[in-house]
Amino acid sequence: MTDTFPRQSARTQRFTLGEPRNVSVSPDEQRIVFLRSRAGDHPVNCLWVTDAATGDEQLVADPVELLASSAVDDDSLPPEERARRERMREGAGGITAYATDAASTVAAFALAGRLFAAGLLSARAREVPVQGPVFDPRPDPLARRIAYVSGACLRIAELDGTSWELAGEQGDDITWGSADFIAAEEMHRFRGYWWSPDGAAIAACRVDTSMVHRWHISDPADPAKEPTVVRYPAAGTPNASVTLHVLALDGGSVEIVWDRELLPYLADVRWIAANRLLVTVQSRDQHMLVVLEADAVTGATVPLFHDADDAWVELVPGSPDRLADGRLVVAADREGRRCVLVGGEVVTPDDVQVRQLAHVGEAVTFLGNPLDDATVQHVYRWSPDEGTLQLTTEPGVHTVSNGRPLVVRRACLDTPGAVTGVPDGPTIASFAEAPLVRPAPRLHHLGEQRIATAVLLPHDHDGSPLPVLMDPYGGPHAQRVLQASNAFASSQWFADQGFAVVVADGRGTPGRGSSWERAVHLDLATAVLDDQVEALHRAAEQHPELDLGRVAIRGWSFGGYLAALAVLRRPDVFHAAVAGAPVTEWRLYDTHYTERYLGDPTVDDHPYASTSLLPLAPGLRRRGAS
């Protein structure tokens, strides 16, 4: 069968298979650990280790060999693992996550609900036979034993295969050691337990979902099948009750205490010493965030940092943490931009928007972009002696490895895919396929808002008028206009079918400062749609090929909502729409995401009513019909 771009995109899972991922570096910077499948269309990830100096690779664990089967674990995943993969938009199989000890000498991972341990020095893996099913296994920092979640219980596995329950309760509504739905779906806290540095205790979440409303989801393909019952916290309804406990392996436990009535969301947990933790909590309306220092012996907490905002306080990946000298490091919005604060003082330049704290030690490594250009992302480092240095300078989107930031991944417009490796050192081979299309976006910053916009035309276009396809996401926490070739592969394929494709990141999308992101507060529709219209009309001034009498719009998720909104509110501009997986009624979306932007519907329902698609639906008309 002749390969086409849509088939290739599906076969390669949008060109992600075969690329190095989940990269981490040992503290001594000698070993690089990562996942990668064997080919660009092979969906089974293996565990690899590379010598950071020479680039020599060793295969540590191949799921096909470990399970003695070519059908790897898809039919035998625990429900918790299925939920994790769905929330992380994980489409690959095999080893999709792993954890290491503090020295990165041992790794643990789960396959088909079974526990495996791997020596990263010997490059050998073996099964540890324990009571399962196994989810989220993590070695203790000293590599003596492995903790894991099995159903609703948190268990400990000794390396000889014996295992025992550390925490668990009877009933269907209480779990130990797993992240609650809201934490995993909206806070990007995918884990629910943390080893102490000495491996003598675990801080673990206890999640009680008994008060969360039950939804019944039927199978439209099988009407005779009983509906599935799930606990779902829709906007304005109760969340799960989440508490944090320190569990000593030799017995005894203590609950970490804070004002959960005022600050019910548990956003982040990390150990900073054998008996102290940093705990980040947030109010239900997200107007307040507090970083607490918790005593692991008594459970008492004291506040270290307080942040407040009339719209919302953003949760920034990697924040908070502590410098080696003990000073608190946080990322927070100050004077219109996101900054790094060390000991309460802003240390980052005025023209940089911080996106993530990547590593905190003697210095702070972070990801960010120029405040006026979110199409790029760079790696920066702040240190007490040198201030802030920009470590990457080439155009493109840069990220760094987990843990120690030795490995840099760069994607750019000039070449497909990405290059991952040690700067001025070895690269990690990528087996990812290059798209059959060759994206050729024209990037602009259009209008008074300087809306980042890409225009893609058919290759070898003769200049004649073209129907227009708007191809946005347009919502918070995601961008489409990036200096990365693969970001435009699908858009270019549509262009090559005879369209002028316009991709625009308007207000509400990340990277452009506090006011830009908060322009959608209490209204997820108006500014978002207005900026798509503005980008379209300004793009047509730059590219007269755009036929504004024939404009369609497509999108997925928030982009699907935006596509439907566009054709319903502005049929004078948008003449057709394809809305994939749209939110049609924000009252039915979850608490943490929706209430951040639209508030509590039980207090003020107007933002929900004014942004819902349902009241607009009766006005939908086929073009040319009365």
Side-chain angles (χ1 to χ4, degrees), residues 289 307-319 329-342 344-358 363-383 386-400 405 408 410-413 441 443-454 472-484 487 503-521 527-528 530-531 534-535 538 596-597:
L289 177 145
D307 203 6
D309 191 281
D310 291 339
W312 69 82
V313 178
E314 191 74 23
L315 298 176
V316 182
S319 174
V329 180
V330 297
D333 286 54
R334 295 290 185 271
E335 299 181 358
R337 69 190 189 281
R338 192 151 302 130
C339 314
V340 174
L341 285 74
V342 176
E345 299 294 325
V346 174
V347 299
T348 43
D350 295 347
D351 59 348
V352 172
Q353 173 83 349
V354 174
R355 306 294 290 274
Q356 176 182 341
L357 300 188
V364 180
T365 304
F366 63 94
L367 304 179
N369 60 264
L371 196 58
D372 63 349
D373 186 6
T375 68
V376 297
Q377 181 170 274
H378 288 291
V379 182
Y380 300 81
R381 184 182 65 232
W382 174 87
S383 66
E386 298 179 299
T388 299
L389 299 175
Q390 183 175 326
L391 303 184
T392 58
T393 57
E394 295 179 286
V397 178
H398 300 79
T399 56
V400 292
V408 176
R410 176 182 179 246
C412 64
L413 287 174
L443 299 188
H444 307 278
H445 285 88
L446 300 176
E448 294 183 3
Q449 300 283 356
R450 298 192 73 252
I451 301 167
T453 306
Y473 177 80
H477 285 273
Q479 294 170 252
R480 288 292 319 280
V481 185
L482 295 166
Q483 292 193 34
V503 187
D505 287 341
R507 284 170 289 175
T509 58
R512 292 282 301 277
S514 307
S515 296
W516 182 270
E517 290 183 353
R518 286 160 176 73
V520 298
H521 186 225
V528 169
D530 286 350
D531 284 359
E534 174 75 0
R538 296 288 187 175
R596 180 190 313 140
Y597 304 115

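In this chain, numbering begins with 1 at the start of the sequence shown. What you see below is based on every heavy atom in this structure, not just the backbone, and it leaves out hydrogens, waters and symmetry mates. None of these values were measured; they are calculated from a predicted model.
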ask   = To the nearest 0.5 Å, how far apart are CZ in Arg381 and CG in Leu391?
value = 5.0 Å
request  = State whether the side chain of Arg338 and the backbone N or O of Gly511 hold a donor-acceptor pair below 3.5 Å, judged by distance alone.
outcome  = no
Side chain His378, main chain Thr392, donor-acceptor under 3.5 Å = yes
inquiry  = Which label fits Tyr597 and Trp312: parallel for a plane angle under 30°, tilted from 30 to 60°, or perpendicular past 60°?
reply    = perpendicular
task = Looking only at non-hydrogen atoms, find the nearest pair between Ala504 and Pro472 and report the distance.
result = O-CB, 4.2 Å
inquiry  = Pair Asp350, Arg337 - check side chain to side chain contact (heavy atoms under 4.5 Å, CB included), show working.
reply    = CA-CA 8 Å; Asp350 295 347; Arg337 69 190 189 281; 2.9 Å; yes
query = Does any non-hydrogen side-chain atom of Thr348 lie less than 4.5 Å from one of Phe366?
reply = yes
query = Counting distance only, does the side-chain N/O of Arg538 pair as donor-acceptor with the main-chain N or O of Glu448 below 3.5 Å?
reply = no
query = Any side-chain heavy-atom pair from Gln483 and Asp373 closer than 4.5 angstrom?
reply = yes
query = Do you know the tightest heavy-atom contact between Leu482 and Ala374?
reply = CD2-O, 3.8 Å
task = To the nearest 0.5 Å, tell me how far Trp516 CH2 sits from Ile451 CD1.
result = 5.5 Å
task = For Cys339 and Val346, work out which heavy atoms get closest and say how close.
result = CB-CG1, 3.9 Å
note = Thr375 and Ala452 have their tightest heavy-atom pair at CG2-CB, 4.1 Å
key: Nearest-0.5 Å distance, CG of residue Asp307 to OG of residue Ser319   = 9.0 Å
inquiry  = Is there a side-chain contact between Leu367 and Val379 in this structure, where contact means two heavy atoms from C-beta onward sitting under 4.5 Å apart?
reply    = yes
Contact summary for Ala535 and Leu446, nearest pair of heavy atoms = O-CD1, 3.8 Å
inquiry  = Would you say that Leu413 contacts Pro395 through its side chain, given a criterion of any heavy-atom pair below 4.5 Å between the two side chains?
reply    = no
message = Minimum heavy-atom separation for Val408 and Val400, please, with both atom names.
response = CG2-CG1, 4.1 Å
ask   = In Å and rounded to the nearest 0.5 Å, what is the CD to CD distance from Glu314 to Glu517?
value = 5.5 Å
task = Decide yes or no for His445 and Asp372: does some side-chain heavy atom of the first lie under 4.5 Å from some side-chain heavy atom of the second?
result = no
ask   = Can you tell me how far the CG atom of Leu315 sits from the NE2 atom of His477, to the nearest 0.5 Å?
value = 8.0 Å
Heavy-atom side-chain contact between Gln377 and Arg355 under 4.5 Å = yes
query = Roughly how far apart are Gln449 CD and Arg507 CZ, rounded to 0.5 Å?
reply = 4.5 Å
task = Please examine the side chains of Val352 and Tyr380, heavy atoms only from C-beta on, and report whether any two atoms are closer than 4.5 Å.
result = yes
ask   = Hey, are Asp505 and Arg512 close enough for a salt bridge, meaning a charged N less than 4.0 Å from a carboxylate O?
value = no
message = Is the shortest side-chain heavy-atom distance between Asp309 and Arg518 below 4.5 Å?
response = yes
